[in-house]
Q: 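Got a structure for you, written out below as structure tokens; questions coming shortly.
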Amino acid sequence: MAHVILSVESVRRTKLSAILRALHEDGPQSRSQLGTRLAMSRSMVADLVADLGARGLVREDTPDPSGMPGRPSPVVQLAADSIAVLAAEVAVDSLAVALVGLGGQMRSVARIPHNPGRLRAEETVGDLTLLANELLARAPRGCVVAGVGVAFYGVVRRSDGFVHYAHNLGWRGVPLGLLLQQSLGMAAPVTVANDADLGALAEHTRGAGRGADDMIYLASEIGIGGGIIANGRPLAGTAGAAGEVGHIPVNSNGMRCYCGAIGCWETEAGETALLRHAGRECGPPCHDCVAEVLADAARGEPIARAAVETIGHWLGVGLALLVNIFNPERIVLGGFFSDLYASVEAIVREQVQARAFLPARDLVSIVPATLGADTALLGAAELAFEPILADPTRVPSRKGIPATRWEPGAVSAPTSRPW
Ligand SMILES: [Zn+2]
């Protein structure tokens, strides 16, 4: 009857996962709130919370009973100092590493420019390792690093962190996950994913995409990338290249893109296009130049204003295509689109109304991202936490075991969710 025993264990893992995920996504809750939300009895919640506590994942506080009728239900919260992950971001112009506690709190972050003279993979990995070691040296005593998540600005295979292609870095066929695993020298697993996919994960979990199970996140920097969530699940594609929406054709009279096609969305609506229309091309687009154009447009400077409106037009044209294909409930605009959107919302909506099909166009809400510049890092942290959230029993019980003896390699089994 081994299958019956396995089934009982699997049901218990699922319930432990539900409690841990509820606390991770929504913060501290009383035992009675957890019971109501997850349809579990008081005794079951007490038993499962005790189990998570023995693993060092949660702790309980009894609220002050004064002024409250009856006995107050203990409040369960994450032991955010005991378990953390490293989140890293490899962008074209910057490198960042953060230590993020369970619950998504960023404990510390280090960001440096991605020096144009140090763009090679080995140099990038070396710089990330230095940043990671600096943060780990300052990590809370006894804190276990359970995983490493990396947001990468290119096409990457999530199963092993193999980079197929990154145009702006000039990378092709780089085993980034393996290189970083070796360089960090940690037992904790390293997982790499595309920055827009992780932006979608972060905004869906904690930002403007919460509650929308059909959503698209758009990352807009030099290029435009999309993270697509369909029916609550990420759309990855065979090679991890789903969501490369920057290369959908929007303008048959447009400019030639580096990919060889004419009028790709990112050549018409990306940062480079904004600077081109404003007559302020500056080589690789820099955030300061883009911010300057947006500020000048907000002040009414005519050329900057016209450039912003042109971007708004092409943004709307591309969004209408996405609305027709995916029928999303929500589209979350990240990167410079989130700064630009308020001033071009009417133009964007006009294009979506004119080009998208009913009823999809009336059902979609288009909103700016809310997590700011650290969206990709927060998504990378979620990626690294997923194995523990899916199965908290990967963290061994600490009953009678000193915390320092726990080996983080224990959580290296593959994630059960496709993030
Ligand atoms: Zn293209």
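All values derive from a computational prediction rather than experimental measurement. In listed order, ligands and their atoms are each counted from 1. What you see below is based on every heavy atom in this structure, not just the backbone, and it leaves out hydrogens, waters and symmetry mates.
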Q: Applying side-chain contact (heavy atoms from CB on, under 4.5 Å) between Leu128 and each of Val90, Leu179, Leu86, report the one that passes.
A: Val90
Q: Just to verify, which of Thr267, Leu315, Val317 counts as forming a side-chain contact (heavy atoms from CB on, under 4.5 Å) with Val250?
A: Val317
Q: So does Glu386 pair up with Arg158, basic N to acidic O under 4.0 Å?
A: no
Q: How would you list all residue pairs meeting side chain to side chain donor-acceptor pair (under 3.5 Å) that involve residues 168-188, not counting sequence neighbours?
A: Thr129-Ser183
Q: List-wise, which protein N, O or S atoms are found short of 2.8 Å from the Zn ion (ligand 1)?
A: His247 ND1, Cys257 SG, Cys259 SG, Cys264 SG
Q: Checking side-chain polar atoms at under 3.5 Å, does Arg330 have a donor or acceptor matched by the opposite partner on His204?
A: no
Q: Taking CG in Leu363 as the centre, count heavy atoms belonging to other residues, nucleotides or ligands within less than 6.0 Å. Is the count above 12?
A: yes
